[in-house]
> 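Below is one structure. I have some questions about it.
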Amino acid sequence: MSDPKKGPLYITNTLSRRKEEFVPLRPPHVGLYVCGPTVYSDVHLGNVRSFLTFDVLYRWLTHLGYKVRYVRNITDVGHLVGDIDEGEDKIAKRARLEQLEPMEIVQKYTNGFHDVMRLFNLLSPSIEPTATGHLIEQIGMVERIIKSGYGYEANGSVYFDVPKFAEKHAYGELSGRRIDELLTNTRDTEGMEEKRSPLDFAIWKKAEPQHLMKWPSPWGEGFPGWHLECSAMSTKYLGGTFDIHGGGMDLKFPHHECEIAQSVAADGHVPVRYWMHGNMLTVNGRKMAKSEGNGFTPEELLSGNHKLLEKGYSAMTVRFFMLQSHYASTLDFSNAAMQAGEKGLERLMAAMTVLGKLKPGALDGADVTALEKRCYEAMNDDINTPVMIGELFEGVRIINSVNDGKLTLTATSIERLSTLMNTMVFDVLGLKQEQQIAGDDRAMDGLVQEFIRMRAEAKARKDFTASDAIRDRLTALGIILKDTKEGTAWERA
RNA sequence: GGUCGCGUGGCCGAGUGGCUAGGCACAGCUCUGCAAAAGCUGCUACUGCGGUUCGAAUCCGCACGCGACCUCCA
């Protein structure tokens, strides 16, 4: 980018397992694809972490001046439940249980997903394509794979021939798997006689009679394989090869590995230049997952009404808590850590309010330029939000010191600090003020100011019994008074 | 069983060869009528055992502990 303080950006590419300088294919444009949710149940906090990781990446790329096309899909063709059922579509299964149309389920949980994204202040993607809306593209891709010789039909289903593909192309590169090891580790394939190899995966699946979501195809009634939608839709909206593909660590294999194979087989080139994977949110050291039953919904989180929660936490507390660890590290959820995050966020946000009221001085007692530089370096070093937040607390210290008259900053530096803090806290980290601050509600503020005046009068005549009574009663109502040199401020608890 | 990764102070969590991360908690101090808020100060760790190096939390090996994916499967 033209502004030297802003670049270059380094990100960890799963393909090389190293930090690489990010150079877009067609600057200033950047194509970003992120695997979205499967809309057959509520998203839980672990899912949110993954989407949050790429939300911040999207925000940062945008801040750096890139024109980002951010595509995040909705998987509304069912996946298998896996170890529970016998090949029944997840969405169809849910539908029968709840006596709903499949698309009703899809709509319900898509709406819920959007609500959660809004709650945690995640930006909307540029395009949010659905799998059901792209059947033609997916069928086209299956045809191209068959044509290239890497797909074969068996009994109405079409499978991807992994061993044949691996003869001429890399398979397992992304996830560090070797085809011979995969074969060695695979058990008997009984019941899967349609497949030529246990490593083969379906790219089109024949629909059983009871299956509700199905479409006509050259191979009969069926539905697309679950790796296919991302390949078809990313190709459609971002091109045959695009810049960044993100997703949770658990999608590396087989999902993303299969995506690569499909694109190479269908179109002859690798689809993605930089693969990025976010790590898992854990609870007591275990991955938060639907199958573990250790997830909670946003409602439970906010209310604290869940056995894992000692109390409720605000969405921004959660967002801040998550950003205090690096996206590539596992993060363990605990009440103690949440409460620490809650306190830290309060201090940060309080400073943001103070920031707007700073009075300039003649000299600079702090180096804002250096602070700014460190913030950019942290973000450019693989989106290191925890380090960046550490720097922001240096900013908090400066702000409060200036406010206390213990440090001075020139008007220019205050302006610069203000821009930096506001940009990083609100635009990049995507935090927002949740607490009602004084002044938001004029009637309320007027009332409280009246009490503050009464208390000041009591204090002036040394009637501390009366002044403390006023303060204590306001505290009991959730109004906290803070005495400063300029007078008394208030905030809600 | 295979592959990959992790193990940091009271808690959370950065850090990849020498330089105090940061947050929370705790203690003391300043300010204050008291409190709160804020600032300052203190608490200085890196699973164990070997090795490389002038020097290792950071590199290598082994051990122990933990996790993710795969091992059933679209």
Side-chain angles (χ1 to χ4, degrees), chain A residues 14 17 77-87 89-90 157 159-160 172 175-178 181-182 184-192 195 198 200-205 223-228 248-255 257-258 277 279-280 282 285-287 289 320-321 324-326 328-348 350-351 354 374 378 381 384-394 396-407 459 462-464 467-468 471-472 475 480-485 488-491:
Chain A
T14 309
R17 299 178 217 312
V77 174
H79 290 184
L80 277 185
V81 170
D83 54 359
I84 298 171
D85 65 30
E86 296 297 320
D89 186 301
K90 275 182 180 173
S157 292
Y159 294 95
F160 191 96
S175 55
R177 272 154 229 264
R178 292 159 48 98
E181 283 170 354
L182 286 169
T184 308
N185 291 330
T186 304
R187 294 180 191 169
D188 282 347
T189 58
E190 56 182 324
M192 288 306 297
K195 289 192 198 174
D200 293 352
F201 55 91
I203 48 181
W204 184 266
K205 190 77 179 159
F223 53 98
W226 77 286
H227 309 304
L228 198 69
M249 206 74 104
D250 50 351
L251 296 177
K252 251 200 291 192
F253 188 88
H255 185 57
E257 205 67 73
C258 294
H277 289 96
N279 217 319
M280 301 292 105
T282 61
R286 302 206 152 268
K287 175 184 172 185
F320 182 74
F321 158 76
Q324 272 191 298
S325 79
H326 188 71
S329 301
T330 54
L331 171 62
D332 198 55
F333 180 92
S334 72
N335 283 279
M338 285 298 295
Q339 279 155 35
E342 188 171 54
K343 287 285 184 62
L345 178 63
E346 272 174 25
R347 195 155 78 88
L348 176 63
V354 170
R374 291 198 301 274
D381 183 14
N384 199 328
T385 53
V387 167
M388 211 273 274
I389 288 172
E391 299 298 344
L392 292 181
F393 276 100
E394 168 68 9
V396 168
R397 215 201 85 240
I398 294 171
I399 291 166
N400 286 327
S401 292
V402 171
N403 191 47
D404 284 356
K406 290 167 181 158
L407 197 66
K459 281 171 72 174
K462 305 275 186 209
D463 185 355
F464 297 122
S467 69
D468 287 356
R471 184 178 64 198
D472 292 345
T475 302
I480 295 171
L481 300 186
K482 294 197 284 194
D483 291 338
T484 70
K485 285 193 166 54
T488 301
W490 68 277
E491 68 181 18

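Below, read A as the first sequence line, B as the second, and so on, with proteins coming before strands; counting in each chain starts at 1. Below, each value reflects all heavy atoms present in this structure, side chains not excepted, and no hydrogens, waters or symmetry copies.
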> Using a 4.0 Å heavy-atom cut-off, does A:Lys459 contact any base of the nucleic acid, only the sugar-phosphate backbone, or nothing at all?
base

> Choose from B:A68, B:C70, B:G39 the nucleotide whose nearest atom is closest to any side-chain atom of A:Phe253.
B:C70

> Applying a 3.5 Å limit to both distances, which nucleotide forms a Watson-Crick or G-U wobble pair with B:C54?
B:G18

> Is there a donor on the side chain of A:Asp468 or the base of B:G33 sitting less than 3.5 Å from an acceptor on the other?
yes

> How far, in whole Å, is B:G23 from B:C62 if one measures between their C1' atoms?
36 Å

> Strictly below 4.0 Å: does A:Lys287 bring a side-chain N or O up to OP1 or OP2 of B:C69?
yes

> Rounded to whole Å, please give me the gap between CZ in A:Phe333 and C1' in B:C11.
14 Å

> Considering only atom C1', compute the distance from B:A57 to B:C70 and round it to an integer number of Å.
32 Å

> Taking A:Ser175's backbone N and O only, do any of them form a donor-acceptor pair with A:Glu257's side chain (distance below 3.5 Å, no angle check)?
yes

> If you compare every side-chain N and O of A:Asn400 against the phosphate oxygens of B:G39 (OP1, OP2), does one of them come in below 4.0 Å?
yes

> Tell me whether the side-chain N/O atoms of A:Arg178 come closer than 4.0 Å to OP1 or OP2 in B:G2.
no

> Heavy-atom distance under 4.5 Å between the side chains of A:Trp204 and A:Pro224, does that happen here?
yes

> Look through every strand shown and name the nucleotide pairing with B:C11 as Watson-Crick or G-U wobble, where both distances are under 3.5 Å.
B:G23

> Taking atom C1' in both B:C12 and B:C60, compute the distance separating them and give it to the nearest angstrom.
30 Å

> When only distance counts, do a donor and an acceptor, one from the side chain of A:Arg471 and one from the base of B:A35, lie under 3.5 Å apart?
yes

> NZ of A:Lys406 versus C1' of B:C40: gap in Å, rounded?
7 Å

> For A:Leu182 and B:C69, what is the distance between atoms CG and C1' respectively, to the nearest whole Å?
11 Å

> For B:A45 and B:G2, measure between their P atoms and round to the nearest Å.
38 Å

> Write down the distance between CG (A:Asp463) and C1' (B:C34), rounded to a whole number of angstrom.
14 Å

> Quick one: label A:Leu331 by what it contacts on the DNA or RNA (base, sugar-phosphate, nothing), any heavy atom closer than 4.0 Å.
sugar-phosphate

> To the closest 0.5 Å, what do you measure between CZ (A:Arg471) and OG1 (A:Thr488)?
10.0 Å

> Take the protein atom CG of A:Asp404 and the nucleotide atom P of B:U30, then report the distance between them rounded to whole Å.
16 Å

> Between A:Arg397 and A:Glu394, is the closest basic N to carboxylate O distance under 4.0 Å?
yes

> Assign a letter to each nucleotide of nucleotides 14-25 of chain B from its 5' end: B, base within under 4.0 Å of a protein heavy atom; S, sugar-phosphate only; -, no contact.
SS-----BSBSS

> Between B:A38 and B:A25, how many Å separate the two P atoms, rounded to a whole number?
10 Å

> Is there a Watson-Crick or G-U wobble partner for B:U30 with both distances under 3.5 Å, and if so, which one is it?
B:A38

> Between A:Phe393 and A:Arg347, does a side-chain contact (heavy atoms from CB on, under 4.5 Å) hold up when you go through it step by step?
CA-CA 9 Å; A:Phe393 276 100; A:Arg347 195 155 78 88; 3.5 Å; yes

> Give me the distance, rounded to whole Å, that separates B:G55 from B:G65 when you measure between the P atoms they each carry.
32 Å

> For B:A45, what is the paired nucleotide under Watson-Crick or G-U wobble rules, both distances under 3.5 Å?
none

> Would you find a donor on one side and an acceptor on the other, under 3.5 Å apart, between the side chain of A:Lys195 and the backbone of A:Asp200?
yes

> Once you apply the 3.5 Å cut-off to both distances, tell me the Watson-Crick or G-U wobble partner of B:A68, or none.
B:U3

> Give a yes or no answer on whether the side chain of A:Thr385 reaches the backbone of A:Gln324 with a donor-acceptor pair at less than 3.5 Å.
no

> Can you check the distance between B:G13 and B:U52, where both ends of the measurement are the C1' atom (answer in whole Å)?
30 Å

> Please state how far atom CG in A:Leu251 lies from atom C1' in B:C4, giving the value in whole angstrom units.
16 Å

> Check the distance between B:U3's P and A:Lys252's NZ and give it to me in whole angstrom.
15 Å

> For A:Asn279 and A:Ala350, take the nucleotide of RNA chain B holding the closest heavy atom to each; which residue's nucleotide lies nearer the 5' end?
A:Asn279

> If you round to the nearest 0.5 Å, how far is CZ of A:Arg177 from NZ of A:Lys252?
8.0 Å

> Evaluate A:Ile203 against A:His227 for side-chain contact (heavy atoms from CB on, under 4.5 Å), listing each step before the verdict.
CA-CA 7 Å; A:Ile203 48 181; A:His227 309 304; over 6 Å; no

> Say you pick atom C1' in B:A14 and the same atom in B:G22; how far apart are they, in whole Å?
7 Å

> Could you give the CE-to-P distance, from A:Met280 to B:C70, as a whole number of Å?
11 Å

